[in-house]
Amino acid sequence: AYTSAISQTETEIDENLIVVGVSQVGAESDWRIAQTNSIKESLTAENGFYMIFDNAQQKQENQIKAIRNFILQEVDYIVLDPIVMSGWDNVLQNAKEAEIPVILVDRDVEVDDDSLYVTSVVTDMVAEGRNAGYWLEDYLEKQGREDEDIQIVMLLGTEGASAQIGRTKGFTEIAGQHENWKILEQLDGDFTQAKGRESMETLLKKYDDIDVVISENDNMTFGAIDAIQDAGRSCGPGGDMIMISFDAVRAALEAMQAGEINADFECNPLQGPKLAETIKRLENGEEVEKVQYIEETYFDTTMDLETLIRGRAY
Ligand code: AHR
C-alpha cells in the first residue's frame with residue numbers, strides 16, 4: 001500500500017546535508033527503475049545530500065500528498081517527476097510560499113506561473129517524437145516505399161504525461177507532412193508492458209494492414225511484440241510491421257539485435273548527476289537555466305549493436 005514519506009521525519013538528519021524530497025512517478029518501466037537508481041546514486045550522504053524518496057505508484061494524488069509532506073518536513077529542495085502536466089498549481093504555490101525551491105526532473109508541467117519551479121532537468125519529448133518521424137521518412141525512402149500508403153498505429157504512454165503529449169505531438173507533426181501516412185488509431189498503453197500488450201491485441205484484431213507501430217516506450221513495445229508474435233505476425237526488419245520504440249534500454253537493444261525492433265529513440269534516464277549538480281549550483285547562489293535538456297541519441301539495426309549493448313549501463 002502507498003505509505004507517505006512523512007514517517008521518515010523522525011530520523012535525525014545531519015545538519016550539513018542538503019535535504020531533498022523526491023516525488024517519483026512510480027516503477028512502471030525498466031527506464032523508470034534506471035532513472036530512480038541514477039537519482040538515488042547521486043543524492044547520497046557522501047555527495048552532501050539527505051534524500052527522502054517517495055514512490056507515488058502512478059497516482060498524481062500521491063505525488064501531491066508527498067509534496068505536502070515535504071513542505072511539512074521543511075526540506076531544502078523538492079524534486080518532482082510529474083506524472084501528468086496539469087494540476088500542480090496549488091501544491092507548487094504552497095511550496096513557493098514555504099520558500100522551498102522545486103526542481104522538475106524528466107517530465108514537464110503546465111502551470112500558469114512558471115516561477116512555481118526554479119529549474120527543470122528534463123527530456124525534449126517533442127524532439128524525440130519528431131526524430132522518430134524523420135527516421136521513418138528516411139527508412140521508407142531507402143526501401144523505395146516513400147509513395148506507398150503507410151498505415152500506422154500508436155501505443156500511447158500515460159495520458160497527460162509530457163512524455164506522452166510530447167512524443168505524440170512530435171511524431172504526428174511529421175506524419176501530417178505525408179499524405180500517404182495514415183494513423184489508423186492511437187491507443188493508451190500507460191507505459192506498461194501489460195497494457196501495451198493488451199492494446200496491441202486490440203489493434204491486431206481490428207486492423208490486418210498495419211505497416212508501422214509507434215510505441216511510446218520500451219515496456220509497451222515488449223508487450224506489443226508478444227501480442228504480435230502470439231497472433232502469428234512479426235515485426236522488425238524483414239517482418240510484417242516496422243516497430244519504432246522510445247527509451248532504448250538494454251533489453252530493447254537486445255530485442256533489436258534479435259530482429260524485433262527497427263529503431264529506438266533514447267530517453268536518457270541517467271539524470272541523477274545533472275540533478276545533483278543543479279542543486280549544488282543553486283546552493284552556491286548561481287543562476288540556473290530554466291530548462292536543462294538531457295542529451296539523447298537513437299539506435300537502429302545499421303549500428304554495431306553488440307558493442308552498444310555491452311556498453312549499456314541500464
Ligand atoms: O517520462 C519518461 C517515460 O516514462 C519513459 O519513456 C517511460 O519508460 C517511463 O515510464
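For ligands, and for the atoms within them, numbers begin at 1 and follow the listed sequence. Starting from 1, each residue takes its place in the sequence as its number. Only heavy atoms go into these numbers, but all of them, side chains included; no hydrogens, no water, no symmetry mates.
Scored by the side-chain hydrogen bond (donor to acceptor under 3.5 Å, both in side chains) test, E97 finds Q93 as partners (sequence neighbours excluded).
Every protein residue with a heavy atom nearer than 4.0 Å to ligand 1 is included here: E28, S29, W31, R32, D106, R107, M125, A163, R167, F191, N217, D247.
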**Item:** Verdict with supporting geometry, K65 and D54, salt bridge (Lys or Arg N to Asp or Glu O under 4.0 Å)
**Value:** CA-CA 10 Å; K65 257 187 237 165; D54 190 276; over 6 Å; no
**Request:** For E289 and R281, run salt bridge (Lys or Arg N to Asp or Glu O under 4.0 Å): C-alpha distance rounded to whole Å, both residues' side-chain angles, the deciding distance at 0.1 Å, then the answer.
**Result:** CA-CA 11 Å; E289 312 82 306; R281 286 176 62 198; 3.3 Å; yes
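Seen from the ring of Y293, K274 does not count as a face-on cation partner, given the 6.0 Å and 45° thresholds.
Electrostatic pairing of R250 and D30 does not count as a salt bridge here, judged by no charged N lying under 4.0 Å from a carboxylate O. Ionic pairing of K182 and D149 is not present here: no N-O contact between side-chain nitrogen and carboxylate oxygen is shorter than 4.0 angstrom.
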